[in-house]
K.L.:
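What follows is a structure written as structure tokens; I'll ask about it next.
The chain is numbered in sequence order, starting from 1. Just so it is clear, the model here is predicted, and its values are computed rather than measured.
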Amino acid sequence: MPLLSVLMIRTSLVYLTCGFAAGALMLADRGISLGPWVNHLRPIHIEFLLLGWTVQLAFGVAFWILPRFRSGRERGREELAWTAFGLLNIGVLATAFGAATGAGPAVGVVGHCGEALAAVAFGAHAWPRAKAGQFSSGG
């Protein structure tokens, strides 16, 4: 498995763990009052699970599993996938913590733009790999 896939999948599992922990604290707060700070965990919980875990896991598996090219660089323009990895994580963290800390809507907009650019970068990387007829059959 390529290094980028390993990093994306492991990072997605970190987001899964942190997102579940935030959700567990919010759920526990319904039974025992943990304090008003628990209300600030909701954007972290949402962002970490919806984008940090699921999208990053999908990117990691797609980078690994999509067909490789027969000639040239077997996974195409990998720098676009690395860029997507960086932009997605910056976007998730900026959006989650910006909303949780009340940093203002500008931080959320910047975070969502980073996430959108990550999708565009990964799409630009993956699109040529999904074109039929130019791939090796090896795993």
K.L.:
If only atom types and distance count, is the side chain of D29 paired as donor or acceptor with the main-chain N or O of L25 below 3.5 Å?
P.N.:
no
K.L.:
If you round to the nearest 0.5 Å, how far is CZ of F63 from CD1 of I9?
P.N.:
11.0 Å
K.L.:
Applying side-chain hydrogen bond (donor to acceptor under 3.5 Å, both in side chains), can you list everything that pairs with H112, at least two apart in sequence or on another chain?
P.N.:
E115
K.L.:
To the closest 0.5 Å, what do you measure between CG (L88) and CG (L93)?
P.N.:
9.0 Å
K.L.:
Among all residues two or more places apart in sequence or in another chain, which pass the ring-ring contact (aromatic ring centres under 6.0 Å, His included) test with F122?
P.N.:
F59, H125
K.L.:
For S5 and V61, indicate whether the former's side chain and the latter's backbone hold a donor-acceptor pair under 3.5 Å.
P.N.:
no
K.L.:
Please round to the nearest 0.5 Å and tell me the distance separating atom NE2 of H45 and atom CG of L50.
P.N.:
8.0 Å
K.L.:
Mark yes or no for whether R75, through its side chain, and L66, through its backbone, hold a donor-acceptor pair below 3.5 Å.
P.N.:
no
K.L.:
Tell me every residue that passes side-chain hydrogen bond (donor to acceptor under 3.5 Å, both in side chains) with R77, counting only those two or more places apart in sequence or in another chain.
P.N.:
E79
K.L.:
For F48, what residues pass the ring-ring contact (aromatic ring centres under 6.0 Å, His included) criterion, not counting sequence neighbours?
P.N.:
Y15, F97
K.L.:
Following the transitive rule for hydrophobic clusters with a side-chain heavy-atom cut-off under 4.5 Å over Ile, Leu, Val, Met, Phe, Trp and Tyr, establish whether F20 and L27 coincide in one cluster.
P.N.:
no
K.L.:
For a quick test of reading the model, state the closest non-hydrogen atom pair linking A94 to G111 and the distance between them.
P.N.:
CB-CA, 4.0 Å
K.L.:
Going from CG on L51 to CD1 on I46, what distance comes out if it is rounded to the nearest 0.5 angstrom?
P.N.:
10.5 Å
K.L.:
Please determine whether residues L57 and W64 belong to a single hydrophobic cluster, defined as Ile, Leu, Val, Met, Phe, Trp and Tyr linked transitively by side-chain heavy-atom distances below 4.5 Å.
P.N.:
yes
K.L.:
Rounded at 0.5 Å granularity, tell me how far OG1 in T11 sits from CG in L16.
P.N.:
12.5 Å
K.L.:
Work out which heavy atom in T95 is nearest to a heavy atom in E47; give both atom names and the distance.
P.N.:
CG2-OE1, 3.3 Å
K.L.:
With a cutoff of under 4.5 Å between side-chain heavy atoms, which Ile, Leu, Val, Met, Phe, Trp and Tyr residues group with L87?
P.N.:
L117
K.L.:
What about V6 and W53, same hydrophobic cluster or not, with Ile/Leu/Val/Met/Phe/Trp/Tyr joined at side-chain heavy-atom distances under 4.5 Å?
P.N.:
yes
K.L.:
Could you tabulate the donor-acceptor pairs under 3.5 Å formed by side-chain atoms of residues 32-44, not counting sequence neighbours?
P.N.:
{"unit_1": "W37", "atom_1": "NE1", "unit_2": "L34", "atom_2": "O", "d": "2.9"}
{"unit_1": "H40", "atom_1": "ND1", "unit_2": "A100", "atom_2": "O", "d": "3.2"}

K.L.:
Can you tell me how far apart CE (M1) and CD1 (I65) are? Round to the nearest 0.5 Å.
P.N.:
8.0 Å
